[in-house]
J.: 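Mind having a look at this structure? Questions to follow.
Only this structure's heavy atoms are used, side chains among them; waters, hydrogens and symmetry mates stay out. Residues take their numbers from the sequence shown, with the count starting at 1. None of these values were measured; they are calculated from a predicted model.
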Amino acid sequence: MIEPSLALYGEAYARVDALIQELLDAAGVRYGLLVDRKGFVLSHKEALWAPRPPALDSVATLVASNAAATAALANMLGERTFSEQIHQGENGTLYVESVGADALLTLIFDSSVPLGRVKVYSKKTVPQLAAILDELKDIPEIQLGGDFSEGATALLDDLLG
């Protein structure tokens, strides 16, 4: 089973969530997502005035897949990476920027929002998000021993009979 490459929870999640909310408020975008490169939504926010969001899991999967394809194109052209992607339609724009090696900041906004404003505020937010994600790399993984498994099995047996 594929699992997220990052575990974002507790205080780190709250900090990321607050940064994305600040970005939405300042830039005027509808939706902000932090997506890992495997396509999992790590955090998301939406503006209060935004219409019903698209299926965020699907957006995350497609954004991560597109980022992988874009990375291959960058490599073919002799670039180390392309750090941002912009998809503009008639009514809306999707802006994706790399947050370190592990995540993608994804912003969805309508045509009334200037792309330049989104880019300026994103460039301020991305290093802050990257710093939080870097802190998570230093946290050791939780190791659940055999005692946990045996205890959980016994508990489930008692509950379910």
Side-chain angles (χ1 to χ4, degrees), residues 1-139 141:
M1 180 161 134
I2 298 176
E3 295 189 19
S5 56
L6 297 168
L8 190 59
Y9 55 90
E11 189 254 341
Y13 178 83
R15 289 170 49 207
V16 165
D17 214 41
L19 284 171
I20 294 174
Q21 184 63 57
E22 287 173 21
L23 177 58
L24 261 65
D25 295 342
V29 302
R30 289 183 181 179
Y31 312 105
L33 297 88
L34 186 63
V35 176
D36 79 354
R37 292 199 181 256
K38 291 182 180 179
F40 290 95
V41 177
L42 300 173
S43 178
H44 68 88
K45 298 296 279 182
E46 65 184 75
L48 293 175
W49 51 267
R52 183 175 176 196
L56 298 180
D57 288 338
S58 296
V59 169
T61 301
L62 292 169
V63 163
S65 298
N66 193 42
T70 302
L73 284 171
N75 190 30
M76 288 177 68
L77 297 173
E79 294 289 334
R80 187 178 57 79
T81 185
F82 290 143
S83 62
E84 64 183 34
Q85 302 170 48
I86 302 164
H87 302 281
Q88 286 184 294
E90 289 180 25
N91 300 314
T93 301
L94 176 76
Y95 177 78
V96 180
E97 187 166 343
S98 294
V99 180
D102 298 318
L104 303 160
L105 176 63
T106 304
L107 303 172
I108 302 170
F109 51 99
D110 62 35
S111 59
S112 68
V113 177
L115 176 60
R117 179 183 348 160
V118 173
K119 290 177 80 169
V120 165
Y121 285 108
S122 295
K123 298 289 183 199
K124 291 179 181 178
T125 304
V126 164
Q128 296 171 306
L129 291 170
I132 295 168
L133 299 182
D134 282 344
E135 290 172 14
L136 295 175
K137 292 178 182 177
D138 297 333
I139 298 173
E141 281 190 39

J.: Measure the OG-CD distance between Ser111 and Gln88 for me, rounded to the nearest 0.5 Å.
T.: 9.5 Å
J.: Is it true that Lys45 and Asp17 have a side-chain N and a carboxylate O under 4.0 angstrom from each other?
T.: yes
J.: To the nearest 0.5 Å, what is the distance between CG (Leu94) and CG (Leu107)?
T.: 8.5 Å
J.: Look up atom NZ in Lys124 and atom CD in Glu22, then write down how far apart they are to the nearest 0.5 Å.
T.: 11.5 Å
J.: Apply the side-chain contact (heavy atoms from CB on, under 4.5 Å) test between Thr106 and each candidate in Leu34, Val41, Val96, Val29; give the one that qualifies.
T.: Val96
J.: Less than 4.5 Å apart, any side-chain heavy atom of Phe109 and any of Pro114?
T.: no
J.: Which atom pairs, donor and acceptor, lie under 3.5 Å between side-chain atoms of residues 53-65 and protein residues at least two apart or in another chain?
T.:
{"from": "Thr61", "atom 1": "OG1", "to": "Asp57", "atom 2": "O", "distance (Å)": "3.0"}
{"from": "Ser65", "atom 1": "OG", "to": "Thr61", "atom 2": "O", "distance (Å)": "2.9"}

J.: Is there a side-chain contact between Val113 and Val118 (heavy atoms, below 4.5 Å)?
T.: yes
J.: Grab the two heavy atoms, one from Val99 and one from Val126, that are nearest each other, plus how far apart they are.
T.: CG1-O, 4.0 Å
J.: Which side-chain N or O atoms in residues 69-82 pair as donor and acceptor under 3.5 Å with protein atoms at least two apart or in another chain?
T.:
{"from": "Thr70", "atom 1": "OG1", "to": "Asn66", "atom 2": "O", "distance (Å)": "2.8"}

J.: Side chains of Val16 and Leu129: does their closest heavy-atom pair fall under 4.5 Å?
T.: yes
J.: So that I can tick it off, tell me whether Arg15 and Glu135 are bridged by a salt bridge, with the cut-off set at under 4.0 angstrom between side-chain N and carboxylate O.
T.: yes
J.: What heavy-atom pair brings Leu23 and Ser122 nearest, and what distance separates the two atoms?
T.: CD1-N, 3.8 Å
J.: Do you know the tightest heavy-atom contact between Arg37 and Ala101?
T.: NE-O, 3.0 Å
J.: Looking just at side-chain N and O atoms, do Gln85 and Tyr95 make a donor-acceptor pair shorter than 3.5 Å?
T.: no
J.: In Å, rounded to the nearest 0.5 Å, how long is the span from CD of Glu84 to CG of Leu104?
T.: 12.5 Å
J.: Return the set of residues passing salt bridge (charged side-chain N to carboxylate O under 4.0 Å, His left out) with Arg30 (not counting sequence neighbours), or none when no residue passes.
T.: Asp110
J.: Could you report the tightest heavy-atom contact between Ile20 and Ser43, atom names first, then the distance?
T.: CD1-OG, 3.8 Å
J.: Please step through side-chain contact (heavy atoms from CB on, under 4.5 Å) for the pair Tyr13 and Leu42, ending with a clear verdict.
T.: CA-CA 8 Å; Tyr13 178 83; Leu42 300 173; over 6 Å; no
J.: In plain terms, say whether Glu97 and Lys123 are close enough for a salt bridge, that is, a side-chain N and a carboxylate O under 4.0 Å apart.
T.: yes
J.: From Asp36 CG over to Asp102 CG, what is the distance, rounded to the nearest 0.5 angstrom?
T.: 8.0 Å
